[in-house]
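Below: one structure, written as structure tokens.
Lettering of chains follows the sequences in order, A, B, ..., and the numbering in each one begins at 1. Note that this is a predicted model, so its numbers are computed, not measured. Worth knowing before you read on, the calculation uses all heavy atoms, side chains too, and leaves out hydrogens, waters and symmetry mates.
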Protein chains: 2
Amino acid sequence: MNRKSREEWATQIAELEQEPAPARKEPITVGRIVTTALALVEAEGFDALTMRRVAAALQTGPASLYAHVRNKADLDDLLIGTLSRNVSAPAPDAERWREQVLDVCGQLRDQFLRYPGIARAALSAPPANLDTLRITEGLLAIFLAGGVSPRSAAWAIDAVLLYVSAYTFETSLRGGQPDRAEMLARLRMLPVSRFPHIVEHADTLNAGEGHERFEFALRLLLDGLVTVG
Amino acid sequence: MNRKSREEWATQIAELEQEPAPARKEPITVGRIVTTALALVEAEGFDALTMRRVAAALQTGPASLYAHVRNKADLDDLLIGTLSRNVSAPAPDAERWREQVLDVCGQLRDQFLRYPGIARAALSAPPANLDTLRITEGLLAIFLAGGVSPRSAAWAIDAVLLYVSAYTFETSLRGGQPDRAEMLARLRMLPVSRFPHIVEHADTLNAGEGHERFEFALRLLLDGLVTVG
DNA sequence: CAGTTGACTCGAACAGTGTTCGTATGTAGA
DNA sequence: TCTACATACGAACACTGTTCGAGTCAACTG
């Protein structure tokens, strides 16, 4: 019975005392990391998404995450990938292609808005992500079925996805409704000499309930598409 | 001749020796901070914009900046304000309103692209910035002169400015041309069963020289506007 | 002129951040 | 039974934005 076995003996005893709380035995996996991270973002926003916070929620240290995830950027990619996997592209219907595009974009928008601030990751994410390519594929099918030329479709998809990310980013930045009355008052305070049109149409400038602005912009893009072909 | 005057005497002597290098006497001002920050961003990108870096370039410590600037966010605002002041809105010409909008957006785009990554600040900036409102005013004048309804004009301006920020952000993220051949090869590697359209139109998908995609998206928005009114 | 106020300057420190190193640990294969 | 190997992770590094408080200097004020 050398020293080595004495230490083993000690650890066995220690484990004996910790027996009532062996819940921490589950190994860390990419899946658990992603789930934890998403929950964190949903509850406290993207800024709260920290390697340390995720690790703490998993009852470990930050270093443990790097065995499963290359980077924080890599983790961000995984998150937007997971979100992208939650949007489903409908089977193309040539008659309703515009509504179908709006539907897909709406799904993506809702996914992004559910996790405040995560759109920043979407904007920074490499465009070659496999899961976002799935959405691109779905949209491309819809556009082509709608009679849009491949080149226009490709560029329109780019514009549309970019807009969705930017819109959701901006929206989740200003928490909920950012005091529209205040905003209106400030616009009215502007000197009429320098800002005549803004002052005149101040109320129109920050009109728009819910996602009216969102749908308006997308419809603009799609309507413009029919004049180009 | 008490102790106090002895110290003064000492400082006078010390100053005497530092006389050959009194260049650091210029006081810190908001203007100098902004200029230094912009130079830093232009040279090394927005990520390099640190309070410490700016302070170091001004030969002082970070704390000194906070007498002139509330926050880093405040500094960011000042930067995009300065950039916005560099774009000039032309006098509205009803016949050429679309080209005028494209011109203003192009100016803004070039400003943002000159300072890589600063578009992130533009996306995060509060929409009520006085200098960006100047651009909004100019655009609003152009749209209204072009016969666009106030409501459509307001929302279109929103969409257009959002797109410019998102486009420039994404563009300055991927440094220059991000190996289009590599991107194409990756697209071709996709399984045809799951990504039929992407594989077929892979070359079309990342086509587009210079700012073709930029102008295409903006024209889409503006063309869509004429069908709405 | 003396004195006080107030703005400016800035070294030091705090609480965070992402990431790496080196060492444990436990499990699968020889 | 012993070794190899992937996973786990405490400690530390180089950063970040920001605050405190002590110092400096100019300009008003009694």
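- Residues A/Leu75 and A/Met51 meet the side-chain proximity criterion, which asks for heavy atoms closer than 4.5 Å.
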Are B/Glu42 and B/Arg114 close enough, and set up right, to give a side chain to side chain contact (heavy atoms under 4.5 Å, CB included), and what steps lead you there?
CA-CA 6 Å; B/Glu42 186 173 15; B/Arg114 181 174 166 189; 3.1 Å; yes
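- Ring geometry, B/Phe214 versus B/Tyr167: the interplanar angle falls from 30° to 60°, so the pair is classed tilted.
- Of the inter-residue distances, the one linking B/Leu83 atom CG with B/Leu79 atom CG reads 7.5 Å to the nearest 0.5 angstrom.
- Rounding to whole angstrom units, OH of residue A/Tyr66 and C1' of C/dG22 are separated by 17 Å.
- Taking atom CD1 on B/Ile28 and atom P on C/dC10, their separation rounds to 5 Å, with Å as the unit.
- Summarising the geometry, the separation between CG on B/Leu65 and C1' on D/dT19 is reported as 14 Å, rounded to the nearest angstrom.
- Residues from residues 35-49 of chain A placing a heavy atom under 4.0 Å of any atom in DNA chain C, listed by number, are A/Leu49.
- Put simply, the side chain of A/Leu161 reaches to within 4.5 Å of the side chain of A/Leu139, judged on heavy atoms.
- A search for ring pair (Phe, Tyr, Trp, His ring centres under 6.0 Å) contacts involving B/Phe112 returns nothing, not counting sequence neighbours.
- Stem analysis of DNA chain D (Watson-Crick or G-U pairs, both distances under 3.5 Å, runs of at least three) returns C:3-30 with D:1-28.
- In this structure, B/Met51 places its CE atom 15 Å from P of C/dG11, rounding to the nearest Å.
- B/Ser172 places no side-chain N or O within donor-acceptor distance of the main-chain N or O of B/Pro116, the cut-off being under 3.5 Å.
- Residues of residues 67-76 of chain B that place a heavy atom closer than 4.0 Å to DNA chain C, in numerical order, are B/Ala67, B/His68.
- Under the 4.0 Å criterion applied to side-chain N and carboxylate O atoms, B/Arg109 and B/Glu215 are not assigned as salt-bridge partners.
- In this structure, OH in B/Tyr115 is found 12.0 Å from CG in B/Leu40, a value given to the nearest 0.5 Å.
- Under the 4.0 Å criterion applied to side-chain N and carboxylate O atoms, B/Glu170 and B/Arg120 are not assigned as salt-bridge partners.
- Within the model, atoms NE2 of B/His201 and CZ of B/Phe195 stand 16.0 Å from one another, a figure rounded to the nearest 0.5 Å.
- The side-chain contact (heavy atoms from CB on, under 4.5 Å) search around A/Leu184 returns A/Arg188, A/Asp203, A/Asn206, not counting sequence neighbours.
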For A/His211 and A/Leu113: C-alpha separation, side-chain torsions, deciding distance, then whether side chain to side chain contact (heavy atoms under 4.5 Å, CB included) applies.
CA-CA 11 Å; A/His211 298 309; A/Leu113 287 183; 3.5 Å; yes
Could you write out each protein N or O paired with an N or O of nucleotides 10-13 of chain D at a distance under 3.5 Å?
residue, atom, partner, partner atom, Å
D/dA12, N6, A/Arg52, NH2, 3.4

